[in-house]
Student: 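Quick one: structure below, then a few questions.
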Amino acid sequence: MPILLPIDLPRITESQMREIDYQVMGYAFSIHNELGRLCDEQVYQSDFVQRIYEASLCPVYRELPVVTAFRTFSKTFKLDCIVAGGAIYELKTVARLNRNHFAQLLNYLLLTNTTRGKLINFRPKRVQTRFVNTSLTLQERRRFSIQRSDWQGNDSLVDLVDDLLADWGTGLATSLYRQAILHFLGGSGNLYRLVPMSRGGHSLGNQHFYLIDDVSAFFVTTMNQAKRQQHCEHLVSLLRHSPIRYGHWVNIDLHAVQFTTLVST
């Protein structure tokens, strides 16, 4: 299995989640009232898990490891709390929940092939929450097409990404795909370089790129078609003001994986 969990997590229904969450939120409000809103995340997590355990919403797991592996690449994520054996709760201590927190929890749901979770933020004056749900299955995320008509890069990279997605499926976090692919290209630390930028002969300073050779940059995104088109224009502008000639770009949409080579003019 490419994604390894120490336990099996069920795909719970909306009604099951609501029943679990009704009890959980009572404890979350009590924690906020008693501990205030200035504690570190680990403090809230410890009290949260203890109260859930005492309430017999079992099985309950804290910092459950999820290992994502492909060939020689491996990355481990830790889920804050699993309640009643299937509901994932991620606890935060931030000024306000944002889309990055939502994306993090969605990534966890897809990695574990589960359906429902919730964000709980203890930092604001009132507890802030957000449900995160998905109906996508691993089987569905493995259904994708490869589009490479505009690709001038190495064919072995196409094969690598194809194999990776056949294993993990699409829909996961951009950073995870990027780390895995760069691992097989030589490692992100070796490829991450500063490149001089200029306009009209005037120096604009340096810009970070992942370079797979002296004239070729590499990009990974996970955008839908509409956002991809707009992003393409910005990538072209970026390359135009650098000495880089080629931009090899892999975009992983849910059901279409597009390989594109942009040529700087």
Student: Of all the heavy-atom pairs spanning Thr72 and His183, show the shortest one and how long it is.
Tutor: OG1-NE2, 2.9 Å

Student: Establish, yes or no, whether the cationic atom of Lys118 lies under 6.0 Å from the six-membered ring centre of Phe131 and within 45° of the ring axis.
Tutor: yes

Student: Do His234 and Cys232 have side chains that get closer than 4.5 Å, going by heavy atoms?
Tutor: no

Student: Cluster question for you: counting only ILVMFWY and a side-chain heavy-atom cut-off of under 4.5 Å, with indirect links fine, are Val220 and Leu106 together?
Tutor: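 Hydrophobic grouping puts Val220 with Leu106.
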
Student: The test is side chain to side chain contact (heavy atoms under 4.5 Å, CB included); show your working for Phe102 and Arg130 and say whether it passes.
Tutor: CA-CA 8 Å; Phe102 172 85; Arg130 183 172 181 181; 3.7 Å; yes

Student: Please test Arg142 against Thr170 for side chain to side chain contact (heavy atoms under 4.5 Å, CB included), starting from the C-alpha separation and ending with a verdict.
Tutor: CA-CA 6 Å; Arg142 283 173 169 164; Thr170 61; over 6 Å; no

Student: Between Ser74 and Phe70, is there a donor-acceptor pair closer than 3.5 Å when you use the side chain of the first and the backbone of the second?
Tutor: no

Student: When you compare the side chain of Leu165 with that of Val257, does any pair of heavy atoms fall below 4.5 Å?
Tutor: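 Heavy-atom side-chain distance check passes, below 4.5 Å.
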
Student: Charged N to carboxylate O under 4.0 angstrom, Asp80 versus Lys92?
Tutor: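 A salt bridge is absent here (no side-chain N lies under 4.0 Å from a carboxylate O).
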
Student: Examine Lys75 relative to Phe73 and say whether NZ or CZ is less than 6.0 Å from the centre of the six-membered ring and inside a 45° cone about the ring axis.
Tutor: no

Student: Just by distance, with hydrogens left out, do Thr174 and Thr222 show a side-chain donor and acceptor under 3.5 Å apart?
Tutor: yes

Student: Are Gln104 and Tyr108 close enough that a side-chain donor and a side-chain acceptor fall under 3.5 Å?
Tutor: yes

Student: Contact between Phe48 and Leu91 at the side-chain level, heavy atoms closer than 4.5 Å - yes or no?
Tutor: yes

Student: Taking a hydrophobic cluster as the set of Ile, Leu, Val, Met, Phe, Trp and Tyr residues connected by side-chain heavy atoms closer than 4.5 Å, whether directly or through intermediates, do Val24 and Leu105 fall within one such cluster?
Tutor: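 No; tracing contacts between hydrophobic side chains, which count when under 4.5 Å, never links both residues.
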
Student: Name the residue from Leu111, Thr112, Thr114 that meets the side-chain contact (heavy atoms from CB on, under 4.5 Å) definition with Leu79.
Tutor: Thr112

Student: Check whether any side-chain N or O of Asn190 sits under 3.5 Å from a backbone N or O of Gly186 as a donor-acceptor pair, and report yes or no.
Tutor: yes

Student: Can a side-chain donor-acceptor contact be found between Glu54 and Gln50 if the only test is distance below 3.5 angstrom?
Tutor: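 Yes.
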
Student: Decide yes or no for Pro196 and Pro243: does some side-chain heavy atom of the first lie under 4.5 Å from some side-chain heavy atom of the second?
Tutor: yes

Student: For Ser264 and Leu239, which heavy atoms make the closest approach, and how far apart are they?
Tutor: OG-O, 3.4 Å

Student: Taking Thr115 for the side chain and Ile12 for the main chain, is one N or O donor matched with an acceptor at less than 3.5 Å?
Tutor: yes

Student: In terms of hydrophobic clusters joined by side-chain contacts under 4.5 Å, are Leu164 and Ile212 together?
Tutor: yes

Student: Flag yes if more than 12 heavy atoms outside Glu19 fall under 6.0 Å of its CD atom; otherwise flag no.
Tutor: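 At most 12 heavy atoms, drawn from other residues, nucleotides or ligands, come within 6.0 Å of this atom.
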
Student: Between His202 and Ser198, is there a donor-acceptor pair closer than 3.5 Å when you use the side chain of the first and the backbone of the second?
Tutor: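 Side chain of His202 to backbone of Ser198: no pair is present.
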
Student: Between CD1 of Ile52 and OH of Tyr61, what distance do you get to the nearest 0.5 Å?
Tutor: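 One gets 14.5 Å once the value is rounded to the nearest 0.5 Å.
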
Student: Show the nearest heavy-atom pair for residues Leu182 and Leu191, with the distance to one decimal.
Tutor: CD2-CD1, 3.6 Å

Student: Heavy atoms, side chains only, cut-off 4.5 Å: are Phe218 and Val250 in contact?
Tutor: yes

Student: Measuring from Arg11:CZ to Arg116:CZ, what's the distance to the nearest 0.5 Å?
Tutor: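 Reported value, rounded in 0.5 Å steps: 9.0 Å.
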
Student: Could you walk me through whether Tyr89 and Asp21 pass side-chain hydrogen bond (donor to acceptor under 3.5 Å, both in side chains), step by step?
Tutor: CA-CA 10 Å; Tyr89 282 84; Asp21 191 62; 2.7 Å; yes

Student: As an exercise, state the distance from NE2 of His231 to CE of Met223, rounded to the nearest 0.5 Å.
Tutor: 4.0 Å

Student: Set out, in order, the CA-CA distance, both residues' side-chain angles and the distance that settles side chain to side chain contact (heavy atoms under 4.5 Å, CB included) for Val263 and Gln152, then state yes or no.
Tutor: CA-CA 10 Å; Val263 181; Gln152 299 177 32; 4.0 Å; yes

Student: Only pairs at least two apart or in different chains count here, so list each side-chain hydrogen bond (donor to acceptor under 3.5 Å, both in side chains) that has a residue in residues 251-262.
Tutor: Thr221-Asn251, Arg228-Gln258, Arg228-Thr260, His248-Thr261

Student: Which pair of non-hydrogen atoms, one from Phe144 and one from Ala256, has the smallest distance, and what is that distance?
Tutor: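 Heavy-atom minimum between the residues: CB-N, 4.4 Å.
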
Student: Taking Asn100's backbone N and O only, do any of them form a donor-acceptor pair with Asn98's side chain (distance below 3.5 Å, no angle check)?
Tutor: yes

Student: Can you check side-chain hydrogen bond (donor to acceptor under 3.5 Å, both in side chains) on Gln229 and Gln225, steps first, answer last?
Tutor: CA-CA 6 Å; Gln229 183 57 42; Gln225 187 60 33; 4.9 Å; no

Student: For Lys227, does its backbone N or O pair with a side-chain atom of Asn224 as donor and acceptor, under 3.5 Å?
Tutor: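 Present.
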
Student: Establish, yes or no, whether the cationic atom of Arg193 lies under 6.0 Å from the six-membered ring centre of Tyr210 and within 45° of the ring axis.
Tutor: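 Cation-pi check for Arg193 and Tyr210: fails.
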
Student: Taking the six-membered ring for Trp, is the centroid-to-centroid distance between Tyr192 and Phe209 below 6.0 Å?
Tutor: no

Student: Going through the checks in order, is the side chain to side chain contact (heavy atoms under 4.5 Å, CB included) test met by Val66 and Thr76?
Tutor: CA-CA 6 Å; Val66 178; Thr76 300; over 6 Å; no

Student: Measuring from Leu262:CG to Arg240:CZ, what's the distance to the nearest 0.5 Å?
Tutor: 10.5 Å

Student: Around atom CG of Asn33, are there more than 12 heavy atoms of other residues, nucleotides or ligands at under 6.0 Å?
Tutor: yes

Student: Sequence neighbours excluded, which residues qualify as side-chain contact (heavy atoms from CB on, under 4.5 Å) partners of Arg123?
Tutor: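 For Arg123 the side-chain contact (heavy atoms from CB on, under 4.5 Å) partners, ignoring immediate neighbours, are Tyr44, Thr93, Asn121.
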
Student: I would like to know whether Arg62 and Ser46 meet side-chain hydrogen bond (donor to acceptor under 3.5 Å, both in side chains); could you show each step before the answer?
Tutor: CA-CA 9 Å; Arg62 179 182 179 184; Ser46 295; 3.0 Å; yes

Student: I would like to know whether Gln16 and Thr13 meet side-chain hydrogen bond (donor to acceptor under 3.5 Å, both in side chains); could you show each step before the answer?
Tutor: CA-CA 5 Å; Gln16 288 173 321; Thr13 66; 3.3 Å; yes

Student: Could you tell me the separation between the OG atom of Ser175 and the CG atom of Leu172, rounded to the nearest 0.5 Å?
Tutor: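 Answer for the OG-CG pair, Ser175 versus Leu172, is 9.5 Å.
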
Student: Do Leu185 and Trp168 land in one hydrophobic cluster if side-chain heavy atoms of ILVMFWY residues count as linked below 4.5 Å?
Tutor: yes

Student: Tell me whether Leu254 shares a hydrophobic cluster with Ile181, the cluster being built from Ile, Leu, Val, Met, Phe, Trp, Tyr side chains joined at under 4.5 Å.
Tutor: yes

Student: Which heavy atom of Leu109 sits nearest to which heavy atom of Gly117, and what is that distance?
Tutor: CD2-N, 4.0 Å

Student: Could you tell me whether the side chain of Arg141 and the main chain of Leu110 form a donor-acceptor pair under 3.5 Å?
Tutor: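 Pair found, side chain donor or acceptor close to backbone of Leu110.
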
Student: Arg51 and Glu34: salt bridge (charged side-chain N to carboxylate O under 4.0 Å, His left out), yes or no, with the steps?
Tutor: CA-CA 13 Å; Arg51 291 174 190 247; Glu34 293 178 32; 3.0 Å; yes

Student: For this output row, return yes or no: ring centroids of Trp249 and Phe219 closer than 6.0 angstrom.
Tutor: no

Student: So which heavy atom on Leu9 is nearest to which on Ile7, and how close?
Tutor: CD2-CD1, 3.5 Å

Student: Output the distance between atom CZ (Arg245) and atom OG (Ser216), rounded to the nearest 0.5 Å.
Tutor: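 Arg245 CZ to Ser216 OG: 10.0 Å, rounded to 0.5 Å.
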
